[in-house]
Amino acid sequence: MTLNILISIIGFLFILSPIVFIHELGHFWFARRFGVKVEVFSVGFGPKIFAIKDKYNTIWQIAAIPIGGYVKMLGELNVSSDSSKEKIIGSFQSANVWQRILIVFAGPLANILFTIFILFIINFSFG
């Protein structure tokens, strides 16, 4: 009984992790295209298990609690409605409003496109 529960949990995480990765990759891709610096790309929350830094100084990490993920962009936590403050070039706030909308929407869009791709592969393979 306990083995079945453990296998179910591992199977759930095996399916969830690629979905989270694709979702966060959507945010990441659009942010980079619009010139927003991505500081951290994480699959999972909590303490990091493994991390590597790329040539753009983005930290790619796998964290201990694998039930989600996040993309931390420059200046993302310093959101303010005060428009008189100077915006940092390359920060999330320095992007146009429509670019920020696309960056936020890119995660669900990536999941939708990934789902269509998977369904196409299944239908093509098995009919």
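- Each of I112, L119, I118 was compared with I116 under the side-chain contact (heavy atoms from CB on, under 4.5 Å) criterion, and only I112 meets it.
- Closest approach of P66 and A64 over heavy atoms only: CD-O, 3.1 Å.
- The two residues T58 and V38 have their closest heavy-atom pair at OG1-O, 2.8 Å.
- Between H23 and H27, the ring planes lie perpendicular to each other; the angle is over 60°, past the 30° to 60° tilted range.
- Nearest heavy-atom pair across G69 and E24 is O-OE2, 3.3 Å.
- Around atom CZ of F45, more than 12 heavy atoms belonging to other residues, nucleotides or ligands sit under 6.0 Å away.
- The two residues L13 and P18 have their closest heavy-atom pair at O-CD, 4.5 Å.
- Within 6.0 Å of atom CD1 in I89, 12 or fewer heavy atoms from other residues, nucleotides or ligands are found, so the atom counts as exposed in its surroundings.
- The number of heavy-atom neighbours closer than 6.0 Å to CD1 of I67, taken from other residues, nucleotides and ligands shown, is 12 or below.
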> ring pair (Phe, Tyr, Trp, His ring centres under 6.0 Å) between W29 and F34: does it pass, once the steps are laid out?
Replying inline: CA-CA 9 Å; W29 193 82; F34 295 137; 8.5 Å; no
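- Between F28 and F41, the ring-plane angle classifies as perpendicular under the 30° and 60° cut-offs.
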> Are F30 and Q99 close enough, and set up right, to give a side-chain contact (heavy atoms from CB on, under 4.5 Å), and what steps lead you there?
Replying inline: CA-CA 8 Å; F30 271 80; Q99 291 174 329; over 6 Å; no
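- At distances below 3.5 Å, not a single donor-acceptor pair connects side-chain atoms of N96 with backbone N or O atoms of W98.
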